[in-house]
Amino acid sequence: MQQENNAHGHIVGYGTYAFIWLGLLAFTGITVVAAGINLGAWTVFVALGIASIKGLMVMNVFMHLKFEDKIFKIFAGVAFITLAIFLVLTFADYLFVR
Amino acid sequence: MAKAHVTSHEPDFWNVQTEHKGIWAWLLTKDHKRIGIMYLYAIVSFFFVGAIFGVLMRLELIAPGKTIMEPQTYNSLFTLHGIIMIFLFVIPAMPAVFGNFFLPIQIGAKDVFFPRLNLLSWYLYIIGGLLAITSLFLPGGPVDTGWTFYIPYSIRTTTNVIPALTAAFILGFSSILTGLNFITTIHRMRAPGMDWFRMPLFPWSLYATGWVQILATPIIGITLLLVMIERVFQVGIFDPSLGGDPVLYQHLFWTYSHPAVYIIILPAMGIISEIIPVFARKTIFGYKFIAYSSLAIAFFGSLVWGHHMFTAGMSTTAMFIFSFLTFLVSIPSAIKVFNWVATLYKGSIALEAPLLYALAFIIQFSIGGFTGLMIGALSIDIHLQDTSFIVAHFHYVMFGGAGFGFFAAMHYWFPKMFGRMYNKKTAIVAWAHVTIGFNLTYFPMFIMGYLGMPRRYYDYLPQFQPYHIASTIGSWILFAGLVMMIVNLIRGMRSGEKAGMDPWGGTTLEWTVDTPPPLENFETIPTVTTGPYDYSRYEIAAKEAQ
Amino acid sequence: MSGQWETQSVHLHRDDAGSRMGMWLFLFTELILFGGLFIVYAVYRYAHQAEFHLAAQELHSTIGFINTIILLTSSMTMAMSITALQKGNKALSMALVSATLILAGAFLVNKFFEWAGKFANGIYPGSPELMNRPQGEVLYFGLYFVMTGLHALHVVIGMALLAVNLSFIKRNVYTGENTVKLETAGLYWHLVDLIWIFLFPLFYLLH
Ligand code: HEM
């Protein structure tokens with residue numbers, strides 16, 4: 001009767017969480033330092049890139065996405081792609097001369 | 001298609017004893033069927049309020065100048081008419097009423113996945129609806145911005161914008177919860193053997209709709225919230241005097257509100273796909289195409305919002321992109337129309353009220369769709385934007401399309417829901433009135449729009465009057481037809497003939513359970529072995545007869 | 001297969017993956033809700049780059065940094081509390097949920113002082129000081145108040161959810177493997193963290 005209902009059937013250990021937490025702190029440090037360096041237009045993208053990595057860590061481990069059925073990952077993909085499309089199409093207006 | 005073991009001694013869901021008594025047995029119910037019925041009553045009531053506003057506007061327009069109301073009243077009327085018809089009628093109509101009632105039965109489940117959340121959606125709907133109606137009477141006066149709440153007027157006007165925005169916000173939330181519930185239900189609760197491609201097309205359309213509800217509705221939620229915050233706290237977001245960009249508001253508004261058109265039309269298309277095979281006694285043509293085209297419409301439909309803004313001052317590049325994408329979205333819609341027509345071809349057609357509404361849907365939706373392509377083209381739209389051509393176009397899609405889909409569903413599923421049959425002759429007479437009235441009301445608007453009649457005006461130049469008179473007379477026929485239809489249905493509910501288990505010869509699961517269904521639909525969950533529209537025996541018989 | 005058993009099973013049957021699926025779907029709506037704000041931010045940042053730079057320098061990146069650490073830590077304690085409950089360690093689970101709550105409270109206290117500081121400097125929506133500034137800065141602070149405010153509102157909602165769960169654990173509502181309610185509450189809490197992960201660099205760092 002071991003966790004028949006628990007699709008991931010997976011109890012994540014405390015150590016894993018602590019490890020991810022340390023990683024998140026490290027990336028927070030990196031993003032603060034990186035923001036201090038003048039990278040011109042790239043600053044935004046570096047900051048957002050680091051934030052995305054942190055986000056993936058939170059989603060995959062803290063939120064157990066890694067251990068869920070494939071369909072959950074597809075869902076998450078659909079949601080993020082939709083948001084990206086909304087952003088890109090809006091910028092189709094702003095990037096060009098009005 | 002499947003064997004459901006039916007026992008007739010179980011009380012149906014209308015009469016079943018539950019833990020609560022009297023009215024509470026309804027107000028606290030978690031039964032998807034009762035919730036569906038409660039939605040039905042509420043939605044039809046709001047529809048009639050909206051329709052009366054529409055008829056009043058038409059009456060005002062019968063002659064130039066002031067006829068029965070002040071311009072300010074007219075502004076409020078079209079605003080509330082729009083809000084009610086969009087947010088309280090067409091967006092929730094089909095998912096909330098027929099989705100709730102039939103989705104679980106059609107996929108062989110006993111209820112939706114989150115029954116309590118389902119009830120919460122209903123309460124949110126009612127609260128939002130009542131708020132929209134009370135905003136009429138609060139001091140400040142009824143809102144006059146148009147249902148689109150465009151900036152900067154929605155920040156400047158002194159009317160009750162905030163209650164109306166709050167209502168729309170709450171209604172959006174209700175819609176999201178319904179969508180979320182249905183998607184989870186479809187993923188987790190299909191009966192054994194009911195794989196994706198054995199699912200009827202109505203659940204398919206609800207699935208696609210659910211995704212649009214989940215992914216697009218939050219955008220309007222946050223946008224309306226921003227307008228409220230901006231009005232109350234003077235935060236600079238969209239207001240141009242604080243540096244904001246009103247066009248950005250329009251982008252966000254239509255990022256939701258165009259996909260909302262697909263929230264509206266997809267379930268209606270699903271209903272048409274249910275009705276056509278039953279009344280043509282033929283297996284549906286191109287099942288997979290119809291199923292996939294629902295997803296395609298949901299996807300492409302989310303990319304075309306910019307075509308509402310061709311005259312708002314977008315960049316030319318964006319205008320090309322949005323115009324191009326608009327043409328793409330017509331492809332999956334056309335696929336559906338072709339498949340329906342192909343299903344009808346050489347079928348043994350039974351001209352009952354549900355099919356008549358479905359046929360009117362196909363024709364009117366096609367007119368709406370084609371005129372949509374016209375105004376999706378940049379050069380034509382510049383000329384027609386903000387004329388009554390647009391008003392005619394969206395009534396053809398949302399009323400002649402989705403609204404008629406709703407009426408078709410009401411006549412199709414009525415016997416299953418209420419256990420009785422309406423008077424079929426009266427239903428057809430009412431259909432004739434509604435259809436003729438509808439076309440007489442809106443077709444003249446295409447012509448006068450083309451000639452330059454602006455929308456949202458309570459007055460006009462005398463040369464438009466003949467068209468306006470025709471249109472107003474049309475609205476009377478239309479309204480008479482609607483009243484006839486609803487009276488006929490209410491009579492049927494009270495004292496119609498008792499209906500059997502499968503009065504139309506349908507093959508989907510809802511026709512295998514008792515009429516009306518018992519509390520938990522199925523005594524034993526059926527095991528499904530074939531696809532949904534299996535009319536092969538009719539087709540074989542037809543071949544042999546030749 | 002008598003009707004009795006079936007009738008009851010409809011409400012007793014549990015499908016944890018389904019419950020989590022529902023929660024994830026809800027989180028996507030939250031994500032897109034904030035996504036709309038990110039779109040507004042992106043458009044205005046693109047249109048008013050210099051003013052956004054200037055205005056961002058007025059925020060205390062130290063407070064932002066501390067709050068980031070606090071939220072990340074609270075996310076960890078949240079995740080651990082589920083493990084504890086799954087392992088049957090009720091006391092530890094309660095301690096960890098309480099820790100999450102305390103951290104959330106600390107976040108809000110910080111946020112309060114941060115906002116209070118802004119108000120004291122005359123920067124609040126519609127303030128005369130703000131209205132005299134260039135429009136890009138008005139927009140920046142408008143978005144700052146709205147986005148961090150809405151986020152703080154989510155923190156409060158998350159805290160309410162956690163408080164309810166705390167009492168459920170205490171009253172032994174969760175028996176055996178029935179931890180899905182705590183898991184879904186946890187998902188919500190992580191979302192609050194997730195959003196902050198993006199808010200932090202966009203408002204506090206990019207100058
Ligand atoms: C009895 C039925 C109806 C009548 C007589 C009617 C009539 C009208 C009229 C006269 C207008 C105003 C045109 C203008 O001056 O711009 C209007 C606007 C509108 N109608 Fe209807 N209508 C009816 C049903 C519906 C339905 C079923 C829907 C939606 C499903 C709908 C949606 C709208 C919308 C969205 C507007 C635009 C409001 C605005 O400009 O803000 N109507 N209608």
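A quick note: this is a predicted structure, and the numbers were derived from the prediction, not measured. Chain naming here is simple, since letters A, B, ... match the order of the sequence lines and numbering starts at 1 in each.
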Would you confirm whether Asn89(C), through its side chain, and Leu85(C), through its main-chain N or O, come within 3.5 Å as a donor-acceptor pair? no
Check whether any side-chain N or O of Tyr41(C) sits under 3.5 Å from a backbone N or O of Leu202(C) as a donor-acceptor pair, and report yes or no.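 Yes, Tyr41(C) side chain to Leu202(C) backbone: donor-acceptor pair under 3.5 Å.
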Please state whether the side chain, the backbone, both or neither of [X] comes within less than 4.5 Å of a heavy atom of chain A.
X: Thr68(C); result: side chain
X: Thr73(C); result: both
X: Leu71(C); result: neither
X: Ile195(C); result: neither
X: Leu72(C); result: both

Look at [options] and state which one has the largest set of heavy-atom pairs under 4.5 Å with chain C.
options: Ile20(A), Val78(A), Leu95(A), Val61(A); result: Leu95(A)
options: Ser52(A), Gly36(A), Ala47(A); result: Ser52(A)
options: Thr82(A), Thr16(A), Thr28(A), Ile71(A); result: Thr28(A)
options: Phe86(A), Phe80(A), Tyr14(A); result: Tyr14(A)

Would the number of heavy atoms belonging to other residues, nucleotides or ligands and lying under 6.0 Å from CZ of Phe19(A) be above 12?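 No - once you tally the heavy atoms of other residues, nucleotides and ligands closer than 6.0 Å, there are 12 at most.
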Measure distances from [X] to the heavy atoms of chain C and classify the residue's part below 4.5 Å as side chain, backbone, both or neither.
X: Val58(A); result: side chain
X: Thr90(A); result: side chain
X: Ala76(A); result: both

Using a 4.5 angstrom heavy-atom cutoff, name the option from Gly64(C), Gly36(C), Ala84(C), Gly186(C) with the most pairs to chain A.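 The answer is Ala84(C).
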Of all of Ala42(C), Gly18(C), Pro201(C), which one pairs up most often with chain A through heavy atoms under 4.5 Å apart?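 Greatest number of close heavy-atom pairs with chain A: Ala42(C).
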Are [X] and [Y] close enough that some pair of their side-chain heavy atoms sits under 4.5 Å apart?
X: Leu27(C); Y: His190(C); value: no
X: Trp24(C); Y: Phe75(A); value: no
X: Thr148(C); Y: Tyr144(C); value: yes
X: Met147(C); Y: Phe203(C); value: yes

Regarding Tyr44(C) and Glu51(C), is there a side-chain donor-to-acceptor distance under 3.5 Å anywhere? no
Pairing donors with acceptors under 3.5 angstrom, does anything connect the side chains of His154(C) and Glu30(C)?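 The answer is yes; a qualifying pair exists.
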